[in-house]
Structure formats: structure tokens, C-alpha cells
Amino acid sequence: MRAARPTFFRYLAEAPLLWCAIFVLACLIFIADTVTKREIAFAVLHVVVILMAVRTGRVGAILAVAVGCVALTVTSYALTPHGSQEAGLANAALSLLAIGASTWLAMRLERLQAASRRAQGELARMSRIVLMGELSASIAHEVSQPVTAIAAHGHAALRWLSASPPNEHEARQALRRIVGDAERAGEVVARVRRLVARAEPRHEPLDLSETVAEALALMRGELRRHDIALRTELADDLPAVSGDRVQLQQIVLNFVLNAADAMAETPADVRDLLVSTAANGASVTVSVRDTGSGVSAEAQSRLFEAFFSTKAHGMGMGLAISRSIVEAHGGQIYAAPNYPTGADFGFTLPAAAKPTPDPTDDDAHGGHDRQAPGTGQALQKAEAR
Amino acid sequence: MSEDRVDTQTVYVVDDDASVRDGLDSLLRSVGYRTACFASTRDFLAALPLSRPSCLVLDIRMPDANGLDFQDELVRQGLRVPIIFLSGHGDVPMSVRAMKAGASEFLLKPFREQDLLDAIRHALAADGARRIEDDVLASLRARYQTLTSREREVMALVVLGRLNKQIAGELGLSEITVKVHRGHAMRKMEADTAADLIRMAELLGLFRPIG
């Protein structure tokens with residue numbers, strides 16, 4: 001397990017509080033085990049420590065903790081001054097057996113959870129790719145606007161330069177605009193690439209207003225195509241939340257596409273979409289309100305179920321996946337009627353404890369592939385119904 | 001239309017995308033056109049009336065108004081400016097509707113520079129010709145207004161090819177009097193020959209179906 005050493009320190013940095021608790025509990029058990037007679041098998045309680053280690057979400061961490069517990073048990077047996085040697089040996093052996101068995105179970109559990117998390121991540125990514133397909137016209141529009149401008153400026157620059165005398169001022173200005181527009185087109189492409197990239201979900205401090213705005217930037221063409229007027233009320237001083245940017249954007253894209261569908265029958269001049277973010281206390285809410293057909297009472301209770309759809313071509317995965325993502329982030333998803341017509345879809349996430357960026361940022365590109373422990377369960381819930 | 005006259009013509013650009021607007025502005029100015037750019041159809045309407053030959057380059061999907069509805073609106077207001085539609089989406093029904101409603105051209109973004117410039121040249125030429133026709137017609141109408149009712153009666157019969165004698169008979173006048181009215185009408189209408197007068201009557205729509 002030499003290779004595990006540097007990673008072990010990374011695990012420490014990921015969940016310092018959890019590791020403190022593990023360490024303190026292990027020490028307490030060790031002390032209790034050492035000061036009491038050998039007949040009293042306090043060391044069995046190390047099982048609890050191992051179960052706590054499951055929460056790190058790392059097989060390697062569980063193993064390391066188990067090795068530590070074994071070492072403490074053996075040391076404690078050697079140091080304990082009182083009690084019968086024989087009973088002590090039997091108790092120590094039993095403790096070690098319990099530690100071994102629970103370690104094996106814990107590792108198995110962790111592997112299953114990891115597989116479930118991976119499956120959930122893949123499912124979310126698949127649904128993102130489907131989303132991108134639905135948005136292709138809009139994305140093409142977002143790219144073609146700057147490309148149109150680039151072509152026009154390019155031709156203009158050539159003309160300005162071949163005029164006599166050459167108009168360098170105009171030419172330079174046109175070239176500067178070309179650079180700006182090229183960057184804009186590049187940014188659209190980068191955004192799309194981020195959304196479909198096979199990246200492990202990572203939790204980082206996020207400004208939800210910025211995250212939402214970035215997602216909306218891909219939708220402008222789509223909204224325009226449907227004659228939908230977009231209004232945004234994005235708060236600028238939101239507390240940071242900890243989350244995966246791409247997955248949260250996916251939810252917003254989903255909500256907005258649903259809203260556009262719901263407004264298909266709405267007269268064009270009242271197709272309004274309001275996207276807002278707001279802080280309330282220790283949480284941040286993102287809300288997408290439309291003036292569409294709304295949600296029937298019958299559909300309301302089943303909205304977030306997998307394979308439930310009111311659309312003719314819907315797979316019924318969008319909202320179910322959105323829900324599992326929100327729950328994996330420790331938040332809540334909701335659907336409510338909008339006044340006077342339409343629907344209000346949104347989610348609330350807890351604000352991150354510290355608004356300052358995480359000091360372990362160096363590790364960020366190394367891959368924080370750890371997700372909140374709820375992910376797997378949330379997916380199972382969505383599927384079970 | 002020759003390129004040396006382009007600076008007397010204005011191309012109006014309405015597009016809510018600032019990059020595209022700037023690009024078109026620079027391109028059209030580099031060719032020598034006067035340009036006026038607007039972010040919305042509302043801003044464009046505030047810049048009316050259009051006093052010189054002009055055309056409008058309009059994005060078909062504007063946030064405040066659908067380009068096609070705007071086209072209808074302009075027609076309703078009697079504003080005849082050739083429209084070149086730009087569209088980011090290749091939807092056929094829209095282009096058909098636009099062309100049916102009298103659009104001058106329908107281009108897909110991103111378009112070829114030459115296509116746009118050709119479309120603009122064509123639209124401006126059409127607008128210029130339309131304006132000349134309008135001017136001619138307006139001055140014809142003004143001249144026709146100066147005719148007395150008797151002169152109009154005589155003119156109406158002249159253009160139908162009646163001889164003075166026949167006109168005199170129909171109107172119950174002497175042939176001399178008809179000649180005088182006829183002479184006044186020709187002078188007032190600035191017509192050198194009877195054939196000129198016939199052409200003018202045609203432009204004025206004086207020919208009624210003869211029952």
C-alpha cells in the first residue's frame with residue numbers, strides 16, 4: 001500500500017472533520033481498552049470506527065483505518081497490565097476478527113456505492129448529451145452569430161485596407177472585433193464541450209447566478225426560436241454553494257427546455273420565462289417560471305419519477321435525473337404552480353459553510369471524484385417508484 | 001445602380017446581436033453605404049420617415065417583435081422599404097411567408113458577403129426606381145388636379161381616341177371650344193402629343209372598362 005500514502009493525505013484534506021472524529025474515537029477506544037482489564041474487549045468497538053470510514057467514500061481510506069485499528073488493538077493488548085493473559089488473547093483475536101469482517105463488508109459497500117455513483121454520473125451525462133441534441137439548433141445559432149460577424153468584419157477590414165488611402169483605423173477596429181467575436185464563438189464551443197465531457201462530478205464552490213447565466217447563454221437561440229421572452233433576476237451576492245457546475249447547469253437547461261415545451265400553445269406575446277436566483281438564509285434557490293400550460297394535479301405527484309412524462313416524445317428522465325442530482329447535493333427540488341398561469345420549477349441548495357475557496361484547490365484538477373454520499377440512494381429512490 | 005452613387009443611399013440594419021450589427025455596419029460602410037443600425041424594431045420606427053432610397057436588413061427573430069409581423073406592420077403603415085431578412089435558423093415556412101409578403105431577399109446566417117451586397121444593391125435599385133415612379137406619379141396627379149372638369153372630360157375622350165368632332169358631339173360643345181380645352185389640357189399636363197397624354201392617363205388610372 002505504498003502508493004496509497006500520498007493519496008491518504010488527500011483523503012485527509014477532503015473531509016477533515018470526519019477524520020478528526022475517526023481519530024478521536026479510535027484513541028478513546030484505545031485508551032479504554034488499555035486501562036481496563038484484558039477480559040473487557042473494548043477493541044470490538046473499532047467496528048464503529050470502520051463504519052465511520054465508509055463515509056469517506058474511499059476503499060483505500062477504509063483499508064488504512066482498518067490497519068490502524070488492528071495496530072491499536074494489538075498494541076493495547078501488549079500494553080494492558082491487568083487481567084488474564086488467555087482471556088485477553090481470545091478477546092483480542094475476536095476483536096481482530098470483528099474488525100476484519102466489518103472492513104470486508106465496509107469495502108464491499110463502498111464498492112457498490114461507487115458503482116452506483118458511476119452509473120448515476122453516466123446516466124446524467126447521457127441525458128446531458130440528449131439535451132445537447134435538443135439544443136443543437138440553439139447552439140448552432142450561438143456559434144453562427146459571431147461567425148457571421150467575423151466574416152463581415154473580415155471582408156470590411158480587407159476593403160478598408162485596400163481603399164486609397166487605406167483606412168487603418170477602421171481596419172484595426174474590425175480586426176479587434178474579429179478577435180472578440182472569435183473568443184465568443186470559442187467560449188460557446190468550450191461550454192458545450194464541458195457539458196458533454198466525460199468528467200467525474202466534482203464539488204467546488206459555485207456562484208449559482210454565474211452558473212445559471214452560463215447555462216442560459218446556450219439557450220438564447222432556442223428561446224428566440226420559440227418567441228419566448230427571457231427575463232432574469234440573478235442575485236449578485238449569493239453565498240457560494242458546493243456543487244458540480246455541469247450537473248447543476250444540466251438541471252437549469254432541463255427546466256428551461258421543459259418550460260419552452262409547456263409554452264408551445266401559449267400565445268406568442270405572453271410567452272414569458274423568468275429565471276431567478278435568490279438567497280434565503282442558509283440556502284440558495286434557483287427558480288424557472290413559465291407562463292405555459294402548467295402542471296396538472298394528477299401529474300404533480302409523479303413529476304420527478306423516472307419514465308414519467310407528459311410529453312409525446314419525452315423519455316421521462318430529465319426531471320428524475322434533476323432530482324437525483326439535487327438530492328446528491330443535499331438540496332431539494334420542487335415544482336409549484338406559477339401565478340397566474342404556468343409552472344415554477346426550482347431547487348434549493350444549502351450554502352457552503354465557508355464562502356472562501358477551498359484551500360485544497362491544488363487537488364482539484366487531480367480529481368475530486370468524491371460525491372456527496374446521498375447520490376446512490378437518490379438514484380435508487382427515483383428508480384424504485 | 002452604379003457604385004459611385006451608393007453614398008446617397010442608406011442601409012438600415014436591425015439586429016439585436018451587437019456583434020452582428022457592428023459587423024454589418026463596418027462591412028456596409030467599407031463598401032460606401034450610409035448605414036443606420038438599430039437594436040430593435042422599435043428604435044428603427046423612431047428613425048422614420050426614410051427620406052432617401054434605402055433598404056432594411058432585418059433579423060427575422062427579434063426579441064421585441066417577430067420580423068414577419070414587423071413586415072406586415074410596415075405594409076399596414078404604408079411604409080414601402082425593401083426588406084432583406086437574415087435568419088439564424090433555416091426554416092422554410094418563414095422564408096416562404098416573408099417572400100410572399102414582399103421581402104426583397106432572405107439570407108441564412110452565416111451568409112456570403114457577395115450575396116448580401118448583391119441583395120442590397122438590388123433592393124436599393126428597386127427602392128430608387130419605386131421612388132422615381134412615385135415622384136412621377138405624384139407630379140402627374142398634381143398636374144391633373146389643375147385641370148378644370150371640362151378639360152378632364154375632353155381629355156378622357158381624347159385618350160379614348162375620339163376625334164374632336166365626335167367629342168364636340170358627345171359633350172354638346174362646338175368643335176372650336178373642344179380644341180381650346182384640348183390645348184389647355186395638353187399644356188397643363190405637359191404633354192407634347194396625344195400619345196403622351198394617353199400614357200399619362202394610363203399611369204393615372206383614368207381608363208375605365210368601357211361597358
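Given the structure is predicted, the values throughout are model-derived calculations rather than measurements. Order of the sequence lines fixes the chain letters, A, B, ..., with proteins taken first and strands second; residue numbering starts at 1 for each chain.
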Point to revise | Interchain contact, B:R21 with chain A, by part (heavy-atom threshold 4.5 Å) | key: neither

Check your understanding: Does a side-chain heavy-atom distance below 4.5 Å link B:D15 with A:Q145?
Key -> yes

Point to revise | Check: B:L27 and A:R159 side chains under 4.5 Å, non-hydrogen atoms | key: yes

Review point. Shortest non-hydrogen contact from A:A174 to B:S26?
Key: CB-OG, 4.2 Å

Check your understanding: Do you see a donor-acceptor pair shorter than 3.5 Å between the side chains of B:S19 and A:R184?
Key -> yes

Check your understanding: Is the count of non-hydrogen atoms from other residues, nucleotides or ligands lying under 6.0 Å from B:Q114 atom CD greater than 12?
Key -> yes

**Study point:** Greater than 12 external heavy atoms within 6.0 Å of B:K188's NZ
**Key:** yes

Exercise for review: With a 4.5 angstrom heavy-atom cut-off, could you sort out which part of B:L107 is near chain A: side chain, backbone, both or neither?
Suggested key: neither

Review point. CZ of B:R29 to CD of A:E170: how many Å apart, nearest 0.5 Å?
Key: 4.0 Å

Check your understanding: More than 12 foreign heavy atoms under 6.0 Å from CD of A:E168: is that the case here?
Key -> no

**Study point:** A:H226 atom NE2: more than 12 heavy-atom contacts under 6.0 Å
**Key:** yes

Review point. How long is the gap from CZ on A:R220 to CG on B:D17, to the nearest 0.5 Å?
Key: 7.5 Å

